[in-house]
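From a predicted model like this one, the values you see are computed outputs, not experimental measurements.
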Amino acid sequence: MTAIEVALGDITRERVDAVVTAANESLLSGGGVDGAIHRAAGPELAEAGAAIAPCAPGDAKATPAFGLAPVKYVIHTVGPIWDGGAYGEAELLASCYRRSLAVADELGVRRIAFPAIATGVYGYPPGEAAAIAVRTLRETRTGVELIRLVAFDEETHELLEAALVGHPGRV
Ligand code: AR6
């Protein structure tokens, strides 16, 4: 049984086993949520990322979480850059959520927090992204027990809540 929750706040404050970051292919520190996670984890995170880079859009790769302890792992996933929606963006975004859960399962993660992947710098419309996030997470078989979808702004929070209502929180 996997529970899905929506939260509002800074994902670097989450007390979970793994935090997902919305990275770029280099896995070096970027802006947005990735910048916040790298600042909280410390410079070792970029070194560990560089060692396993590149990460293709739609894929996910894990490193230790370093200074983000008690979080154990950062799962780096690379979202699609929004280009109008006709270039496979939806499938790539769904793949980010699926692959992140697959990596989490390999690591024995029980509690995981996701940001709203691709909805910032990469420009994915947040309502569509919220629906894809919830649908994909509900459709994916996983041993993860708790998934927290962490919004950084009120609008994203409301959109995720609405998506969850359409898809009640347990799978
Ligand atoms: N906690 C939770 N969510 C956050 C936080 C935070 N501390 N900070 C921002 N967000 P973005 P992307 C939200 O731009 O669109 C980076 O430079 C933010 O409000 O971080 O996938 C990477 O290196 C938005 O809702 O990621 C890539 O180059 C969401 O996180 C590129 O940006 C995602 O916004 C990836 O762009």
Please examine the side chains of [Y] and [X], heavy atoms only from C-beta on, and report whether any two atoms are closer than 4.5 Å.
{"X": "Leu146", "Y": "Thr2", "answer": "no"}
{"X": "Ile11", "Y": "Ile37", "answer": "yes"}
{"X": "Val103", "Y": "Arg99", "answer": "yes"}

Where do Leu149 and Val134 land on the side chain to side chain contact (heavy atoms under 4.5 Å, CB included) test, with the steps shown first?
CA-CA 9 Å; Leu149 297 174; Val134 170; 4.0 Å; yes
The side-chain hydrogen bond (donor to acceptor under 3.5 Å, both in side chains) partner of His76 among Asp59, Thr21, Thr63, Asp34 is Thr63
Considering non-hydrogen atoms only, spot the tightest contact between [X] and [Y] and give its length.
{"X": "Val144", "Y": "Ile147", "value": "CG1-CG1, 3.9 Å"}
{"X": "Pro64", "Y": "Leu45", "value": "O-CD1, 3.5 Å"}
{"X": "Gly9", "Y": "Val150", "value": "O-CG1, 3.4 Å"}
{"X": "Ala46", "Y": "Leu28", "value": "O-CD2, 4.0 Å"}
{"X": "Thr12", "Y": "Ala36", "value": "CG2-O, 3.6 Å"}
{"X": "Leu160", "Y": "Ala130", "value": "CD2-CB, 3.7 Å"}

How far does [atom1] of [X] sit from [atom2] of [Y], to the nearest 0.5 angstrom?
{"X": "Leu68", "Y": "Arg13", "atom1": "CG", "atom2": "CZ", "answer": "11.5 Å"}
{"X": "Glu161", "Y": "Leu8", "atom1": "CD", "atom2": "CG", "answer": "9.5 Å"}
{"X": "Asp105", "Y": "Arg141", "atom1": "CG", "atom2": "CZ", "answer": "10.5 Å"}
{"X": "Glu128", "Y": "Leu159", "atom1": "CD", "atom2": "CG", "answer": "10.5 Å"}
{"X": "Leu27", "Y": "Glu47", "atom1": "CG", "atom2": "CD", "answer": "13.5 Å"}
{"X": "Tyr87", "Y": "Ile81", "atom1": "OH", "atom2": "CD1", "answer": "13.5 Å"}

Which pairs of donor and acceptor atoms, one on a side chain in residues 107-119, lie under 3.5 Å apart (sequence neighbours left out)?
{"from": "Arg110", "atom 1": "NE", "to": "Glu145", "atom 2": "OE2", "distance (Å)": "3.4"}
{"from": "Arg110", "atom 1": "NH1", "to": "Gly143", "atom 2": "O", "distance (Å)": "3.3"}
{"from": "Thr119", "atom 1": "OG1", "to": "Ala116", "atom 2": "O", "distance (Å)": "2.8"}

Val71 vs Asp17, test: side chain to side chain contact (heavy atoms under 4.5 Å, CB included). Steps then yes/no.
CA-CA 5 Å; Val71 175; Asp17 302 318; over 6 Å; no
As a quick check of understanding, evaluate side chain to side chain contact (heavy atoms under 4.5 Å, CB included) for Ile75 and Lys61, giving each step before the final call.
CA-CA 6 Å; Ile75 297 176; Lys61 295 186 176 184; over 6 Å; no
Are the side chain of Thr136 and the backbone N or O of Ile132 linked by a donor-acceptor pair below 3.5 Å?
yes
Could you check Phe152 against Val33 for side chain to side chain contact (heavy atoms under 4.5 Å, CB included), going step by step and ending with a plain yes or no?
CA-CA 9 Å; Phe152 201 49; Val33 68; over 6 Å; no
Under 4.5 Å between side-chain heavy atoms, counting indirect links through other Ile/Leu/Val/Met/Phe/Trp/Tyr residues: same cluster for Val20 and Leu93 or not?
yes
May I ask whether Val6 and Ile4 are part of the same hydrophobic cluster, defined by side-chain heavy atoms of I, L, V, M, F, W, Y residues being less than 4.5 angstrom apart, directly or through others?
yes
Would you say the ring centroid of Tyr124 lies under 6.0 angstrom from that of Trp82?
yes
Could you work out, with side-chain hydrogen bond (donor to acceptor under 3.5 Å, both in side chains) as the rule, every residue matching Glu14, not counting sequence neighbours?
Arg148
